[in-house]
Asker: 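Quick one: the structure is below, and I'll ask about it shortly.
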Protein chains: 2
Amino acid sequence: MAREQIEDSVTFITEVCWHYYMNGNTQAEVARMMGVTRLRVNQAIQKAKALGLVHVQIDSPFTTRMELQQELQKVYGIEKALVAPVDRDNYDFHGPVGSGLANYLTERLRSGEWKTFGVSWGLTLDSAIRRLQRQSHPQLEVVSILGGTPHGSSFNSFGIASGFADVLGANYSILTAPIYLSEGIDRDLFLSQDVLRTHFDKFDRLDAVLLTCSNVSSKSFLVSNGLPASLTPRKLKEAGAIGDVLGRFLDSDGKSVLPYVDDHTIGMPLEAVEAVPEKIMAAAGPHKVEIIAAAIKRGLVNTLVTDDLTAELLLEHGKSATPPLPGSTEA
Amino acid sequence: MAREQIEDSVTFITEVCWHYYMNGNTQAEVARMMGVTRLRVNQAIQKAKALGLVHVQIDSPFTTRMELQQELQKVYGIEKALVAPVDRDNYDFHGPVGSGLANYLTERLRSGEWKTFGVSWGLTLDSAIRRLQRQSHPQLEVVSILGGTPHGSSFNSFGIASGFADVLGANYSILTAPIYLSEGIDRDLFLSQDVLRTHFDKFDRLDAVLLTCSNVSSKSFLVSNGLPASLTPRKLKEAGAIGDVLGRFLDSDGKSVLPYVDDHTIGMPLEAVEAVPEKIMAAAGPHKVEIIAAAIKRGLVNTLVTDDLTAELLLEHGKSATPPLPGSTEA
DNA sequence: TCACTTGCCATACATATGCAAGGTATGTCA
DNA sequence: TGACATACCTTGCATATGTATGGCAAGTGA
């Protein structure tokens with residue numbers, strides 16, 4: 001290395017952001033004030049965004065798709081639906097939903113009602129973490145409710161639970177196990193490990209869970225990278241699976257299609273999920289419409305965070321596929 | 001009026017902001033998506049800023065002037081100093097301090113330690129309100145601790161207390177009285193009104209107070225518009241006053257210079273302020289250096305929120321005007 | 001009917017932002 | 001000492017944003 005690197009610390013970036021966002025100076029003005037080039041100011045601002053150092057919040061963000069939200073609640077009989085607007089020409093089904101979930105979580109955590117909540121994993125939750133404002137909830141515990149895949153990535157089990165805990169200023173507890181147990185291993189023996197039993201006990205005391213879902217296609221990270229060798233997308237479809245929640249594959253009625261695989265899945269059982277007071281599912285994309293509907297039917301969702309495109313498809317699906325559930329059409 | 005006005009509701013503005021800030025579209029893209037002109041998108045975004053609908057937050061904003069903060073704490077013996085960076089060529093002594101106070105308040109309120117806090121009034125606090133993110137603290141009570149002037153404005157007593165309460169989702173209690181009692185009215189009789197006595201009783205139970213201060217010049221709204229007819233800036237200066245805190249004029253040692261006027265001032269007595277656990281003063285500007293120093297000397301400040309220009313002048317003032325207080329120079 | 005008001009649009013343009021390409025200072029190393 | 005690499009700067013330009021101006025269409029009222 002020749003010449004020492006210029007100061008590019010958080011302190012520098014923070015001051016740039018203060019001048020730019022709080023004081024409303026232009027990038028050129030900030031550069032002049034701080035005695036650096038405009039380029040470096042520009043870069044600092046971009047770095048701040050990337051680092052999640054600045055956060056833009058919109059007050060009452062869910063007023064824009066009120067009709068869709070109310071119709072979803074009515075048609076599917078769920079307690080709350082939150083619908084984020086998307087750009088249809090440049091569709092991104094993780095970002096807006098992530099923002100929406102981040103907003104809702106912030107609001108929900110403010111009440112202080114949650115002592116512990118469970119998280120699965122996936123790109124949607126990763127996106128939510130990166131959009132969350134740093135907070136302080138020292139009494140809160142984030143519990144991982146699903147094992148990980150061997151292909152480690154930032155949105156895998158460990159990264160999601162610790163990511164939430166970090167940004168929320170909370171504690172966390174990791175499920176140190178693979179999502180699917182290898183064929184040769186005895187399930188009961190494996191689960192009898194003290195560390196796992198202690199962890200599993202926490203599932204019964206969760207105040208909330210953050211769920212995601214996916215369909216059976218290459219769009220699903222789990223299907224592409226995480227399935228046991230014996231399980232192919234083809235076999236899944238033949239068994240009637242339309243997608244998974246917590247690694248457990250369901251049919252269009254929300255029933256498990258592969259009990260044997262479920263037995264070898266390390267994570268919170270869906271029966272336990274059903275018992276959690278707040279079941280929040282964050283999911284969007286045309287390919288997820290069926291599995292979202294199935295998960296709702298199964299009783300896995302109180303609150304659905306999605307986008308307007310998916311919401312419209314869900315309503316279409318709900319009207320065409322099934323007559324409204326009895327008692328769920330009341331206003 | 002010809003033609004009905006176009007939809008310009010909060011819903012419309014919110015959707016624009018969502019696309020622009022959350023989804024990262026350009027204004028032109030948002031316009032195309034929503035079927036309006038770019039001009040209207042641009043105006044909606046500006047309106048959102050003006051309405052305080054969008055808020056930009058910076059994580060750990062007070063790392064940039066760490067040395068100044070520490071030196072202020074040392075030289076003046078205060079618990080905490082928060083220093084916001086400003087643009088010296090385009091100096092604005094309300095905005096940055098308002099942002100700083102908003103940030104600190106948000107952090108402080110998150111702890112849930114406050115049940116009730118007192119607010120005075122002034123442009124600095126008004127600025128803080130407009131920069132605060134909407135929050136929900138149903139258990140919190142904002143208490144006005146100073147009467148108002150007849151020249152009602154948004155930053156007057158009523159507007160500040162209700163403004164804080166509104167944005168914080170809290171309750172409020174107003175001091176329905178003029179800041180200076182008219183000559184002819186008997187003070188004790190006036191204060192014996194039930195509604196005032198109930199209000200004054202709250203002063204003893206405050207967890208915190210937000211204070212401001214001003215000097216004796218036309219820059220002070222109080223001096224320009226709020227003084228009783230018998231009190232002129234000249235008289236104030238002759239009596240040794242260098243500024244006011246809560247409408248009470250102090251000399252450079254922080255002592256009251258006009259006990260008779262203080263008797264006719266409707267607001268929290270400074271002796272009661274001294275007893276509050278957290279005394280937060282938000283003030284900046286070269287003209288406020290002396291009165292800030294005096295207020296600190298009087299023991300009215302735990303936490304000072306100011307800007308870097310004022311901080312430097314305060315340090316200069318502290319070093320030249322007074323030898324460091326005994327025992328306050330320890331690190 | 002026609003002048004007029006109102007509210008929006010199209011256009012144009014000044015300024016601000018994002019980004020790439022080549023230049024320059026300052027160190028390393030043969 | 002000079003070739004070289006590195007880290008940063010300058011310049012220039014494409015795009016995005018902010019704002020002013022003239023125009024047009026729809027309604028109003030003489």
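The model shown is predicted, which means the values in this text are computed figures rather than measured ones. Each chain gets a letter, A, B and so on, in the order the sequences are listed, and its residues count up from 1.
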Asker: Using a 4.0 Å heavy-atom cut-off to protein, can you give one letter per nucleotide of nucleotides 17-22 of chain C, 5' to 3': B if the base is in contact, S if only the sugar-phosphate is, - if neither?
Answerer: BBB---
Asker: Which residues pass the salt bridge (charged side-chain N to carboxylate O under 4.0 Å, His left out) test with Arg32(A), sequence neighbours left out?
Answerer: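 Testing Arg32(A) for salt bridge (charged side-chain N to carboxylate O under 4.0 Å, His left out), a comparison that skips the adjacent residues, returns Asp89(B).
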Asker: In whole Å, what is the span from the CD atom of Gln43(B) to the P atom of dC8(C)?
Answerer: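 Rounding to the nearest Å, CD of Gln43(B) and P of dC8(C) are 9 Å apart.
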Asker: CZ of Arg40(B) versus P of dC9(C): gap in Å, rounded?
Answerer: 6 Å
Asker: Could you tell me which residues satisfy side chain to side chain contact (heavy atoms under 4.5 Å, CB included) with Ser60(B), sequence neighbours excluded, listed by chain and number?
Answerer: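 For Ser60(B), the residues satisfying side chain to side chain contact (heavy atoms under 4.5 Å, CB included) (neighbours in sequence not counted) are Thr63(B).
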Asker: Checking Glu312(B) now: which residues fulfil salt bridge (charged side-chain N to carboxylate O under 4.0 Å, His left out) with it, not counting sequence neighbours?
Answerer: Arg88(B)
Asker: What residues form a salt bridge (charged side-chain N to carboxylate O under 4.0 Å, His left out) with Arg130(A), not counting sequence neighbours?
Answerer: Asp126(A)
Asker: Can you tell me how far C1' of dT17(D) sits from OH of Tyr21(B), to the nearest Å?
Answerer: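 That distance rounds to 11 Å.
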Asker: Using salt bridge (charged side-chain N to carboxylate O under 4.0 Å, His left out) as the criterion, list what pairs up with Arg131(A), not counting sequence neighbours.
Answerer: none
